[in-house]
Amino acid sequence: MKGAGNFVIWLDVTDLQNWHGEFTGVQRVVAEFAKRTSQEEVEFFSFDGSEFNRVKRGTLSLIAKNPPPVATQSARGRSFSRLRHRVRAIRDTGRQFLLSFLPASTQLALRAWAMNSKAKKDRRALRHCASPFVAGDTLLFFGASWSSSSLRAIPLANVQEITIVSLVHDMIPRLFPHFFGPGFADYYSGHMAEVLQLSDRILTNSQSSRIDILAFADELGLEAPPIDVIRLGDDGASRSRTSAPLKPEQGINREFVLCVGTLEIRKNYNLLCDVWSLAIQNGIPVPLLVIVGREGWLTADLQYRINNDPVLQQNVRWIRSCPDEQLSWLYQNCLLTMYPSHYEGWGLPIAESLSYGKVCISSSTSSMPEIAGDLIPYVNNYDVHGTLQIVVDLVKNKTKRAALEAKIKKHYRGNTWDDSFREMWDSVSSAHSKAS
Amino acid sequence: MSRKNAPRFLSLATYPTLIPRHGGQKRTFAIRRGFELAGYATYSASMSNEAGYPPDERGELDVVASAATAAEIRSFPAAEAILLARGLEKETPERMAISKILQGIRPDVISFEGPYLFAPLRSLVREHAPNAKIINSTHNQEAVLLERMLETTPHSSAMVDQLREAETELALSADVSFAVSHEDFQYLDNLGAKRIVLFPNGIDAPHIDRRATSRTNSSLRDNFISKYALFVGSLHKPNIDGFVSLISSSLAAIRPGHAVVVAGGSGPAILQQTKSNDERAFGLFSRKVVVLGPVAEGDLGAWLDGASLIVLPILSGAGTNLKTAEALLSGKRILATDRSFLGFEKWKTDPRVTLCNDPAEFSRQIERLLSLPEQLFPPVVDVTWDTNIPIVVETAKSLWPTKSLDGEDSDAERTPIR
């Protein structure tokens, strides 16, 4: 959309440029939004650490990428690089040779002049980031702008009267610093303060996150901009429903319970491992537990446990990476799903599970109850015995499980990414028009 | 009079002054310079801790404290000057070295930088320079400052009392006391000092290293800073406390692209105290404050040159601050507390100066002033050492040893050391 005066809406795609593998979480939101816009409506940009660059649509892949090949240089490239080095060496040697005929004081003066010239260039160039933005434009930061510093660098672009819309996924690092590595909580807090100070509008994905953002603003004595709650799409895995689901090869040879999400401490996979271990210790038959998620952080102990505990080796499968066709097969063929996360900004796997009509045993903190209300059973995220009871009950009691599935089918109203895009677009348009 | 017959001036301090870096060294150096301009042959001696000053910053007359004293200082750095003085109380190699210095120079004027060394060296002065005029060169209200620094430390009250006694003794014994500010002038007067001369601190014009300017811009760019307020503060409790109270607690007011840069030894301590006061506020601190630590002179000039605003968040402490003089000489806008302008009162109403003592308001003022268009004001040159040194020169001339009518040196005018 271009408003009065031909102002442009720009989307920060730095994340997508730097991402490899399946788009998950934050990156998926950016990709799903970007895919549904046209060149006339939204331009893309990225930040390379020193300047903002327009990104041509054709150069950006908005579908999942395979891991990059190991960086290689062609033979031609290698020989050109060697030649370049040789030329520089000859140039420097020649320069030294010529300078050696001059008095030492002249040599020093020349060196100082060269340094000062460079310093003058530096002074002009530094403290400013080049950008394609002009006054009246709207900039959208929907990804992990804290890692690329793209939002942080905006004041250095020195463009007045731009509108900034930021998507805040959650305040978890601020609330639970122990779920992240040393220093990240402080870094994220600093970033969020800047989001509050720079953004004209904030989008977030749950009422719970909205409350967390407002509490943070209040703590800092900052006035928060308007915050719109939008619902993320949960038909991500179903985008593969155009192609046939495909069974993964990771030895899934019996009934299974599915849990989807990055293997990080916050997702609370330790609870699931404890539940399964307790069941087996007490001779209670349990299905296979299939975990789908890339390796995250602060889970070295858990990974060691999964890989080395003979009980878990027999009863847990961890699939690190899974294309959509296989994920779709897993959702369709599981008994039920589980999501015992300690805290969420939204909880997309719960919504995905329900979109497949599958019961999800979920924890009840933060945003999770907003997704399915009373359609699913909830557990205390620290309660191993209580969780085991519910799992056993629903695994054994097919009738009960089927009744819940029917209830989900009847009453659950998911959100497609098209729906989600429309909500985001309405918010963005409103912010852009207001400013224009 | 030939240089050979010139009267002799000796300064005694707890730090060498061969290469003046911090405020105390610069002041001592300036006083020596004043006596030199008055025609004296001048010397500087010191008793200092080896750890603080590398060998190339020491001259022949700079005595190094013993390993035992150095160890005591490591475990109690706040009492460094007191511990150095204690090392001179008994017949130690350090005391013998000072004795040799006094014997060799036989000074006509001895300037004690601070009260620490007077008591332990009094008997040596009586022995080797009985007619010497004594200068009490004060930099601060030392006992008051030490009391604040030590607060609840065990044995602190005894140490503070001892220092107070030393301050009083020197004030009463000195022929002249130099005060840095009107407030210190009053303090010395209350102690009973005979003759007090107001000699405010000054500074040298900063040297701007162009390569350093390039480095500072790189650093700012790496931190995404377009404009910054600069605070230059040494590792001195009032610098730390003031910054933490006025700035650390309300950083949310400072917008992205703006920051506060802290140069000098106070930076790491400010960072530490902010973190221990409020762990959850630290995220904001690390985004809005750049801590440089101690900075070389050339680099400091570049940071001053590039700043849009100089902040002086000083809420306590006596003496005057060289940083206030630096701020006035820089030509930049200044945001300061009333206390930071002690000794510089006549510039408080200058258009470049905004005064603020309210913690809730200080950071908002930083943001407001950083958001204004850049403006350079005429540098205040009155604050340089060159402007103030004539005060010392005149004082030096007044202390010139007189001759009797038959040409013999007469000490009739001199007050023998008590």
Side-chain angles (χ1 to χ4, degrees), chain A residues 47 49-51 111-129 145-146 148-159 164 171 173-175 177 180 183-199 216-224, chain B residues 208-228 248-259 261 271 274-275 278-290 298-299 301-303 305-308 359-364 367 370-371 373-374:
Chain A
F47 182 64
S50 59
E51 53 187 34
R111 200 166 293 142
W113 171 81
M115 277 177 166
N116 280 336
S117 299
K118 184 174 184 306
K120 276 182 196 149
K121 269 193 253 172
D122 287 344
R123 279 199 296 277
R124 278 198 298 273
L126 292 176
R127 297 218 235 169
H128 174 73
C129 289
S145 54
W146 61 84
S148 65
S149 296
S150 50
L151 177 68
R152 192 178 180 194
I154 285 296
L156 270 69
N158 247 337
V159 181
I164 291 179
M171 291 297 302
R174 172 72 177 180
L175 298 169
F180 300 87
F184 185 71
D186 288 336
Y187 183 83
Y188 192 79
S189 297
H191 163 74
M192 274 308 306
E194 289 183 340
V195 168
L196 286 167
Q197 288 174 311
L198 285 173
S199 302
F216 177 69
D218 191 52
E219 202 178 324
L220 294 187
L222 286 174
E223 193 178 326
Chain B
I208 299 171
D209 181 340
R210 295 296 171 202
R211 277 167 290 179
T213 301
S214 176
R215 282 197 296 273
T216 59
N217 277 330
S218 281
S219 179
L220 292 165
R221 180 63 182 275
D222 289 344
N223 286 283
F224 302 101
I225 296 165
S226 61
K227 291 173 94 175
Y228 64 94
S248 292
S249 54
S250 56
L251 287 164
I254 298 174
R255 286 188 61 78
H258 295 167
V261 173
L271 191 153
T274 301
K275 194 164 190 193
D278 186 354
E279 182 87 36
R280 285 170 68 77
F282 190 66
L284 212 52
F285 182 93
S286 51
R287 190 60 69 110
K288 306 289 185 185
V289 180
V290 177
D299 284 24
W303 284 106
D305 186 44
S308 302
E361 189 57 24
F362 203 90
S363 286
R364 274 200 282 272
E367 178 57 31
L370 283 177
S371 300
E374 295 283 346

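Just so we're on the same page: letters track the sequence lines, and every chain starts at 1.
- With chain B as partner, the option from A:P155, A:G190, A:A193 having the largest number of non-hydrogen pairs under 4.5 angstrom is A:G190.
- Using the six-membered ring where Trp is involved, A:H191 and A:Y188 have ring planes that are tilted, between 30° and 60° apart.
- Contacts with chain A were tallied for B:R215, B:K288, B:H258; B:K288 has the most, counting heavy-atom pairs under 4.5 Å.
- A salt bridge between B:E361 and B:R364 is present, with a side-chain N of the basic residue lying under 4.0 Å from a carboxylate O of the acidic one.
- Proximity of the aromatic rings of A:W146 and A:Y187 is defined here by a centroid distance below 6.0 angstrom, and this criterion is not met.
- Under the side-chain hydrogen bond (donor to acceptor under 3.5 Å, both in side chains) criterion, A:R152 pairs with no residue, sequence neighbours left out.
- For chain B, the nearby parts of A:L220 are the backbone and the side chain; heavy atoms of each come within less than 4.5 Å.
- Ranking A:S50, A:P177, A:G49 against chain B, the residue ahead of the rest is A:S50, based on heavy-atom pairs under 4.5 Å.
- Applying the side-chain hydrogen bond (donor to acceptor under 3.5 Å, both in side chains) rule to A:S149 yields no partners; only residues at least two apart in sequence or on another chain are considered.
- When each of B:S286, B:G257, B:A252 is checked for heavy-atom pairs under 4.5 Å with chain A, B:A252 comes out on top.
- When each of A:I154, A:D186, A:L222 is checked for heavy-atom pairs under 4.5 Å with chain B, A:D186 comes out on top.
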